[in-house]
Amino acid sequence: MTAQGLKCPAPGAPDFLYEELDAVGSTNSVCFERARAGHPGNLWIRAHTQSEGRGRRGRDWMSPEGNLFASVLLIDPEPADRIAELPLAAAVALAEAVDKAAGTLQLVSLKWPNDLLVGGAKLSGILLEAETLADGRRTVVIGFGVNCVSHPPLTLYQATDLRSLGFQVPADRLFASLAECLAEQLNRWQKPDGFESIRTAWLSRAAHLGKEITVRTAREEITGIFADMDARGYLVLKQEDGGQRTVYAGDVFLPEA
């Protein structure tokens, strides 16, 4: 990792500090290092490249220069019993940030729980990780990886990038939009009924809503019609027998995948 970068207010989010680094293992890991060293939180870490980027379920995340790699550190976010909603709030924020930076409207759709898609191809990844520190503070880190100028050719999912789609969006411009949009969504989320407006915004971009999908959980595969996302952010599937299944974690695929 390069030397620690200059800390300054995050663009568009004056309540957050911002630290830009050259090369790191993982921006999420740097956030945890800062937290363990006593940082009070509300800190963005952005890197030009990562050597150990990771996605959900421990998957590798390719991290070439020119794409966006950034993580935000939150300490004791409240309400603590609703932290599981944060990846969905982050997805809405990133979708809005892409529109703002690219000058588009509803460019991306959202695949549950927090993947951004354009034309069915994956544009980004969001990874939330949490840890309880030795002093009892709850650390939550949300990492964002966005394909601005390139994407991996062979992945579990079809992928794309903004440049391939015809949009010239530098990583620094997208980061500024993301910092601003996430601050807005976090302020909304903290309100007693804040998740309902986030849920509405998420569903307005929902990919596969009303379509048959397959969800691969740690234990099984479940196929059904994507009927809704409930008030907790869980996926609701309508089954052939007319019943419903509620899924709180898993990977979504179209049946032919």
Side-chain angles (χ1 to χ4, degrees), residues 9-20 27-28 31 41-47 53 55-56 61 67-75 77-79 82-118 122-130 139-148 161-162 167 169-207 229 231-233:
D15 292 336
F16 289 75
L17 288 177
Y18 167 54
E19 186 176 344
E20 185 173 342
T27 55
N28 270 30
C31 280
N42 281 19
L43 171 69
W44 276 102
I45 297 290
R46 181 187 160 208
R56 293 178 64 237
W61 184 268
N67 291 341
L68 176 62
F69 316 108
S71 299
V72 64
L73 167 64
L74 306 174
I75 299 292
E78 293 288 346
R82 288 174 38 216
I83 285 175
E85 299 166 356
L86 283 175
L88 299 157
V92 170
L94 183 55
E96 293 178 352
V98 169
D99 274 345
K100 184 174 182 179
T104 58
L105 181 64
Q106 298 284 112
L107 174 65
V108 303
S109 59
L110 297 176
K111 180 168 76 78
W112 186 84
N114 54 22
D115 283 344
L116 271 63
L117 305 181
V118 180
K122 184 172 177 175
L123 181 67
S124 68
I126 297 173
L127 176 65
L128 184 145
E129 298 180 299
T139 299
V140 174
V141 175
I142 309 173
F144 299 83
V146 186
N147 300 330
C148 295
D161 63 80
L162 289 170
F167 300 99
V169 182
D172 56 353
R173 185 200 305 168
L174 181 56
F175 173 73
S177 297
L178 173 59
E180 180 178 359
C181 291
L182 185 66
E184 293 172 355
Q185 292 299 331
L186 288 174
N187 286 335
R188 181 171 292 124
W189 172 75
Q190 290 169 344
K191 297 177 182 178
D193 58 350
F195 184 65
E196 182 53 34
S197 63
I198 292 170
R199 173 180 172 273
T200 298
W202 195 101
L203 285 170
S204 73
R205 295 178 182 264
M229 185 174 76
R232 300 165 296 178

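Side-chain atoms are counted along with the backbone in the values below, which use heavy atoms only and exclude waters and symmetry mates.
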Worksheet item: Of the non-hydrogen atoms in Val140 and Pro77, which two are nearest, and what is the gap between them?
Response: CG2-CG, 3.7 Å
Worksheet item: Quick one: does Val98's side chain get under 4.5 Å of Leu162's, heavy atoms only?
Response: yes
Worksheet item: Arg188 side chain to Ala89 main-chain N or O, any donor-acceptor pair under 3.5 Å?
Response: no
Worksheet item: Which atom pair, heavy atoms only, marks the closest approach of Asn187 to Lys191?
Response: O-CG, 3.7 Å
Worksheet, complete the sentence: One should read off an interatomic distance between Ser177 OG and Leu94 CG, to the nearest 0.5 angstrom, of 10.0 Å
Worksheet item: Minimum heavy-atom separation for Tyr18 to Pro11, with atom names?
Response: CD2-CD, 4.1 Å
Worksheet item: Does any non-hydrogen side-chain atom of Thr139 lie less than 4.5 Å from one of Ile75?
Response: yes
Item to complete: Check for a donor-acceptor pair, side chain of Ser71 on one end and backbone N or O of Asn28 on the other, with a separation under 3.5 Å.
Response: yes
Item to complete: Work out which heavy atom in Val72 is nearest to a heavy atom in Cys31; give both atom names and the distance.
Response: C-SG, 4.1 Å
Worksheet entry | Where Ala95 and Leu110 come nearest, the two heavy atoms and their spacing | CB-CD2, 4.2 Å
Fill in: Heavy-atom side-chain contact between Leu186 and Leu74 under 4.5 Å
yes
Item to complete: Determine, step by step, whether Leu88 and Met229 satisfy the side-chain contact (heavy atoms from CB on, under 4.5 Å) criterion, reporting the C-alpha distance in whole Å, the side-chain angles of both residues, the deciding distance to 0.1 Å, and the verdict.
Response: CA-CA 11 Å; Leu88 299 157; Met229 185 174 76; 3.8 Å; yes
Practice prompt. Please test Asn42 against Leu17 for side-chain contact (heavy atoms from CB on, under 4.5 Å), starting from the C-alpha separation and ending with a verdict.
Written response: CA-CA 6 Å; Asn42 281 19; Leu17 288 177; over 6 Å; no
Worksheet item: Under the side-chain contact (heavy atoms from CB on, under 4.5 Å) criterion, do Lys122 and Leu116 qualify, and how do the steps go?
Response: CA-CA 6 Å; Lys122 184 172 177 175; Leu116 271 63; over 6 Å; no
Response to the item:
Rounded to the nearest 0.5 Å, the CD atom of Glu196 sits from the OG1 atom of Thr200 at a distance of 4.5 Å
Discussion item. Check whether Trp112 reaches the backbone of Gly233 with its side chain - one donor and one acceptor, N or O, closer than 3.5 Å.
Written reply: yes
Fill in: Rounded distance (nearest 0.5 Å) linking atom CZ of Arg232 with atom CZ of Arg199
11.5 Å
Worksheet item: What's the shortest heavy-atom distance between Asn114 and Pro87, and which atoms?
Response: ND2-CB, 3.3 Å
Worksheet item: For the atom pair CD (Gln185) and CD (Glu96), what is the distance rounded to the nearest 0.5 Å?
Response: 5.0 Å
Fill in: Derivation and outcome, side-chain contact (heavy atoms from CB on, under 4.5 Å), residues Arg205 and Val92
CA-CA 9 Å; Arg205 295 178 182 264; Val92 170; 5.9 Å; no
Worksheet item: In Å and rounded to the nearest 0.5 Å, what is the OG to CG distance from Ser109 to Asp115?
Response: 10.0 Å
Worksheet item: So do Leu107 and Phe167 actually touch side chain to side chain, heavy atoms under 4.5 Å?
Response: yes
Worksheet entry | Ring geometry between Trp44 and Phe175 (parallel below 30°, tilted from 30 to 60°, perpendicular above 60°) | perpendicular
Discussion item. Just verifying a value: how many Å separate Asn67 CG and Asp161 CG, rounded to the nearest 0.5 Å?
Written reply: 7.0 Å
Discussion item. Any heavy-atom pair between the side chains of Phe144 and Leu182 that's under 4.5 Å?
Written reply: yes
